[in-house]
Engineer: 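Attaching a single structure in structure tokens format; questions to follow.
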Amino acid sequence: MLLRMSTLFLRTLREDPADAEVPSHKLLARGGYVRRTAPGVYSWLPLGKLVLENVTSVVREEMNRIGGQELLLPALLPREYFETTGRWTEYGDSVFRVVDRKGADYLLGPTHEELFTHLVKGEFSSYKDFPVVLYQIQEKFRDEARPRAGILRGREFHMKDSYSFDLDDEGLQHSYDLHRDAYVRIFDRLGLRYVIVSAMSGAMGGSASEEFLAETSTGEDTFVRSTGSGYAANVEAVRVPVPPALPTEGAPEARVHHTPDTPTIETLVDFFNGAGIGRTVTAADTLKNVLVKIRQPGDSEWEILGIGVPGDRDVDMKRLEAALEPAEVAMLEEADFEANPFLVKGYVGPNALIHNKLRYLADPRVVEGTRWITGADQADHHVVDLVCGRDFAPDGVIDVAEVRDGDPSPDGQGTLYTARGIEIGHVFQLGRKYADAYELDALGPDGKPKRITMGSYGIGVSRVVAAIVEQSHDDKGIVWPREVAPADVHVVGTGKGEQIEVAVRIAEELTARGVRVLVDDRKGVSPGVKFTDAELLGIPTSLIVGKGLDQGVLELRDRASGEREEIALDTAVEKVAGVVAGE
RNA sequence: CGGGGAGUAGCGCAGCUUGGUUAGCGCGCAUGCUUUGGGAGCAUGAGGCCGCGGGUUCGAAUCCCGCCUCCCCGACCA
């Protein structure tokens with residue numbers, strides 16, 4: 001492959017586009033890799049298309065390696081498929097819908113579970129046909145409420161989606177493991193720094209769904225990781241370590257104190273520290289009781305739920321919703337307090353709930369024998385030394401308090417800190433949801449139908465391109481890993497002699513050896529411009545044919561390290577081919 | 001959907017407060033000469049529905065009213 005800058009459809013920009021905020025957006029636009037066409041919709045220009053194809057190739061190779069079979073389904077999908085699973089209405093505003101001249105409804109595919117399931121049902125029907133893994137790499141469409149960050153979150157994007165079809169749970173687990181391994185190889189080859197986090201709360205069951213997050217400061221997903229181990233998890237999935245229970249004997253009696261005007265944790269702590277109860281109190285010694293109401297799907301009644309967390313922490317609504325899924329969660333309204341006069345706002349204690357037959361769930365840190373300062377269920381009163389297991393007994397444990405930097409890691413090694421990432425891959429055990437909807441069965445050896453179980457696995461191919469740039473750039477431009485770079489070598493001819501002719505000749509010789517080459521053969525362009533463009537474009541290796549040519553000397557540059565080396569003209573092709581081959 | 005900002009040449013912007021000749025600057029583009037190791041110089045050019053519609057005015061990029069679009073933060077989504 002030989003690209004000539006004199007004719008390449010490329011115009012680099014000296015300034016950042018006004019609408020670009022994140023590095024990947026700025027650099028991909030300035031480098032002429034992409035151009036914005038509409039909000040969240042981008043055109044891939046020749047260099048960008050090459051990068052996209054390189055990523056695609058890596059994905060394709062690794063999918064084929066695990067036995068995946070590539071096919072290509074339409075992006076334009078008729079309504080009927082989505083009626084079967086109810087997703088036609090479920091999707092709401094988040095998909096593009098189109099109507100044909102006859103008035104028939106379609107949508108532009110956001111994902112393809114329905115189509116794949118239906119397709120398999122039409123072709124395969126024997127247990128001998130399974131398992132099977134099918135995948136495609138194509139454009140997906142989602143009408144994002146707010147596309148942002150350029151390529152990172154668009155409304156049209158490239159995605160590899162694959163689907164596994166197995167006869168039983170063991171088979172599904174195997175297909176899932178194969179995909180997970182393939183994803184590790186893919187992202188390793190692409191040179192990405194990433195973590196694998198559980199995408200679900202522990203209650204929903206371990207490895208049924210995991211996300212691959214590329215670590216970047218600009219990512220929109222937050223997760224936590226440990227300073228002392230490889231532990232990483234979504235905030236929703238963090239399980240707080242449970243401290244050992246303490247003996248209840250010998251603990252002082254619970255005593256109610258008059259605590260005027262202390263409806264908040266802060267005022268309460270201040271009060272006790274001025275009240276001389278014989279010890280210094282912190283917010284962590286108090287038990288904050290947060291009241292929410294929940295409603296199970298299909299129910300019309302709300303249930304009031306009390307949640308006890310250490311007073312120095314808030315309830316994390318995301319963790320709460322994940323823990324209570326699929327129930328709906330809402331904060332209590334004034335009317336709820338009026339209907340339940342035993343709930344004294346600002347002074348709620350565990351026993352008001354427990355004694356009135358309302359469920360009370362407590363943080364894992366609230367173990368037997370722990371002593372708490374908490375509401376006494378009457379205005380302006382709190383109770384001190386209320387002992388868990390002696391004075392109150394929660395109905396259960398709920399792990400929904402906010403996770404903070406410095407919290408101990410659940411695996412016991414190190415402490416947690418929050419990081420940001422971009423979701424680049426997702427592996428998910430779907431189970432039989434779609435197989436049930438389409439009645440996808442295989443006839444077993446016993447002559448009886450067996451319901452198929454499925455997995456779905458995605459990689460955001462275009463997003464991966466942006467994620468790579470986010471992780472691999474400097475103030476001058478992009479630094480492509482060789483596997484995804486649009487070329488291996490950027491041969492730059494600069495000077496008023498025969499440098500450009502020599503550069504082109506070297507480029508042709510390298511091309512003949514199978515090296516992918518971009519040659520800067522533009523005439524009348526100053527060296528500074530060419531060097532700057534080379535750094536912006538980010539091809540891993542540059543070969544400068546310039547002022548040293550008269551002495552038979554060329555310069556080899558490494559984009560990532562910035563190292564420069566003078567090499568002889570005679571052996572340059574040999575040398576560069578070796579560098580490209582990783583020698 | 002809530003909050004903030006912006007629409008002027010392919011790109012980045014000024015001009016608007018205080019209406020007044022032919023709407024300006026940088027980059028890019030074209031032509032010529034010079035220049036050639038770090039975003040060159042000089043000269044000459046091409047390129048505009050000043051977002052759209054209405055209004056005020058002798059006169060509107062500029063003032064008024066309405067609308068549309070885009071960007072950023074949040075919510076939502078994943």
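The chains referred to below are lettered A, B, ... by the order of the sequence lines, with proteins before strands, and numbering in each begins at 1. Computation of the quantities below employed the complete heavy-atom set of this structure, encompassing side-chain atoms and omitting hydrogens, waters and symmetry-equivalent molecules.
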Engineer: How long is the line joining CG of Asp16(A) and C1' of C13(B), in whole Å?
Structural biologist: 14 Å
Engineer: In whole angstrom, give the distance that lies between atom CG of Leu430(A) and atom P of A78(B).
Structural biologist: 14 Å
Engineer: Indicate whether any N or O donor in one side chain lies under 3.5 Å from an N or O acceptor in the other, for Ser24(A) and Lys26(A).
Structural biologist: no
Engineer: C1' atom, C49(B) versus A60(B): distance in rounded Å?
Structural biologist: 15 Å
Engineer: Touch check for Arg30(A), heavy atoms < 4.0 angstrom, all strands: base, sugar-phosphate only, or nothing?
Structural biologist: base
Engineer: Would you say G37(B) has OP1 or OP2 under 4.0 Å from some side-chain N or O of Lys547(A)?
Structural biologist: no
Engineer: Looking at residues at least two apart in the chain, or sitting in another chain, which of them share a side chain to side chain donor-acceptor pair (under 3.5 Å) with Glu62(A)?
Structural biologist: Arg65(A), Arg185(A), Arg189(A)
Engineer: Between atom CG in Asp143(A) and atom C1' in C76(B), what is the gap in whole Å?
Structural biologist: 13 Å
Engineer: For Glu15(A) and G26(B), give me the distance from atom CD to atom P, rounded to whole Å.
Structural biologist: 13 Å
Engineer: How long is the line joining CG of Asp520(A) and P of U36(B), in whole Å?
Structural biologist: 18 Å
Engineer: Name the nucleic acid region contacted by Thr532(A), choosing base, sugar-phosphate or nothing; use a 4.0 angstrom heavy-atom cut-off, strictly under.
Structural biologist: base
Engineer: Within a strict 4.5 Å, meaning less than it, do heavy atoms of the Val576(A) and Leu510(A) side chains meet?
Structural biologist: yes
Engineer: Between Glu215(A) and Arg225(A), is there a salt bridge with N-O shorter than 4.0 Å?
Structural biologist: yes
Engineer: With rounding to the closest Å, how many angstrom separate the P atoms on G48(B) and C25(B)?
Structural biologist: 16 Å
Engineer: Can you tell me how far C1' in G59(B) sits from the matching atom in U21(B), rounded to whole Å?
Structural biologist: 11 Å
Engineer: Minimum heavy-atom separation for Ser462(A) and Phe157(A), please, with both atom names.
Structural biologist: OG-CB, 3.4 Å
Engineer: Does a side chain donor of either Tyr42(A) or Glu156(A) reach within less than 3.5 Å of an acceptor in the other side chain?
Structural biologist: no
Engineer: What's the CZ-P distance between Arg463(A) and A78(B), to the nearest Å?
Structural biologist: 12 Å
Engineer: Sequence neighbours left out, what passes salt bridge (Lys or Arg N to Asp or Glu O under 4.0 Å) with Asp474(A)? Give chain and number order.
Structural biologist: Arg559(A)
Engineer: Have Asp143(A) and Ser94(A) got a donor and an acceptor in their side chains that come within less than 3.5 Å?
Structural biologist: no
Engineer: In terms of side-chain geometry, is the basic nitrogen of Arg505(A) or Glu501(A) positioned less than 4.0 Å from the acidic oxygen of its partner?
Structural biologist: no
Engineer: Choose from G37(B), G28(B), U36(B) the nucleotide whose nearest atom is closest to any side-chain atom of Arg11(A).
Structural biologist: G28(B)
Engineer: Take atom C1' in G45(B) and the same atom in G7(B), then report the distance between them in whole Å.
Structural biologist: 29 Å
Engineer: When rounded to the nearest 0.5 angstrom, what is the spacing between CD1 in Ile478(A) and CD in Glu470(A)?
Structural biologist: 10.5 Å
Engineer: With C1' as the reference atom in both, quote the distance from G39(B) to G12(B) in angstrom, rounded to an integer.
Structural biologist: 15 Å
Engineer: Go through the side-chain N and O atoms of Thr111(A) and Glu113(A) and say whether any donor and acceptor fall under 3.5 Å apart.
Structural biologist: yes
Engineer: Identify the stems formed by RNA chain B, where each pair is Watson-Crick or G-U wobble with both distances under 3.5 angstrom and a stem is at least 3 consecutive pairs.
Structural biologist: B:1-7 with B:68-74, B:10-13 with B:24-27, B:29-34 with B:40-45, B:51-55 with B:63-67
Engineer: Does any donor-acceptor pair link the side chain of Arg557(A) with the base of G38(B) at a separation under 3.5 Å?
Structural biologist: yes
Engineer: Output one line per pair: protein atom, nucleotide atom from nucleotides 3-6 of chain B, and distance, for all N/O pairs under 3.5 Å.
Structural biologist:
none

Engineer: Are side-chain N/O atoms of Thr541(A) and Arg482(A) paired as donor and acceptor at under 3.5 Å?
Structural biologist: yes
Engineer: So Gly495(A), base contact, sugar-phosphate only, or nothing? Heavy-atom distance under 4.0 Å.
Structural biologist: sugar-phosphate
Engineer: Start at the 5' end of RNA chain B and walk down; is the nucleotide closest to Glu423(A) or to Val525(A) reached first?
Structural biologist: Val525(A)
Engineer: Specify the closest pair of heavy atoms between Met5(A) and Asp521(A), including all atoms of both residues, with the distance to one decimal.
Structural biologist: N-OD1, 3.3 Å
Engineer: Please determine if Asp16(A) and Arg30(A) form a salt bridge, counting it only when a charged side-chain N lies under 4.0 Å from a carboxylate O.
Structural biologist: yes
Engineer: Expressed as a whole number of Å, how far does the C1' atom of C13(B) sit from that of G66(B)?
Structural biologist: 28 Å
Engineer: Ignoring hydrogens and geometry beyond distance, is the side chain of Gln499(A) in donor-acceptor contact with the base of G37(B) at under 3.5 Å?
Structural biologist: no
Engineer: From the set G39(B), G28(B), G37(B), return the single nucleotide nearest to any side-chain atom of Pro527(A).
Structural biologist: G37(B)
Engineer: Counting distance alone, no hydrogens or angles: does the base of G38(B) have a donor or acceptor under 3.5 Å from a partner atom on the side chain of Arg564(A)?
Structural biologist: yes
Engineer: Round to a whole Å and report the spacing from CD of Glu144(A) to P of A75(B).
Structural biologist: 14 Å
Engineer: May I have the distance from Leu13(A) (atom CG) to G26(B) (atom C1'), rounded to whole angstrom?
Structural biologist: 14 Å
Engineer: Polar pairs (N or O, both sides) under 3.5 Å between protein and nucleotides 40-44 of chain B?
Structural biologist:
| residue | atom | partner | partner atom | Å |
| --- | --- | --- | --- | --- |
| A40(B) | OP2 | Ser526(A) | OG | 3.2 |

Engineer: To the nearest 0.5 angstrom, please state how far the CG atom of Leu10(A) sits from the CG atom of Leu3(A).
Structural biologist: 10.0 Å
Engineer: Write out a two-atom table: protein N or O, nucleotide N or O from nucleotides 70-74 of chain B, distance below 3.5 Å.
Structural biologist:
| residue | atom | partner | partner atom | Å |
| --- | --- | --- | --- | --- |
| C70(B) | O3' | Arg36(A) | NH1 | 3.1 |
| C71(B) | OP1 | Arg36(A) | NH1 | 3.2 |
| C73(B) | OP2 | Arg146(A) | NH1 | 3.1 |
| C73(B) | OP2 | Arg146(A) | NH2 | 2.8 |

Engineer: So which atom in Ala503(A) and which in Val492(A) form the shortest heavy-atom distance, rounded to 0.1 Å?
Structural biologist: CB-C, 4.5 Å
Engineer: What distance, rounded to whole Å, do you find between the two P atoms, one in C63(B) and one in G19(B)?
Structural biologist: 9 Å
Engineer: Using atom C1' of each nucleotide, how far apart are G24(B) and C70(B) to the nearest Å?
Structural biologist: 24 Å
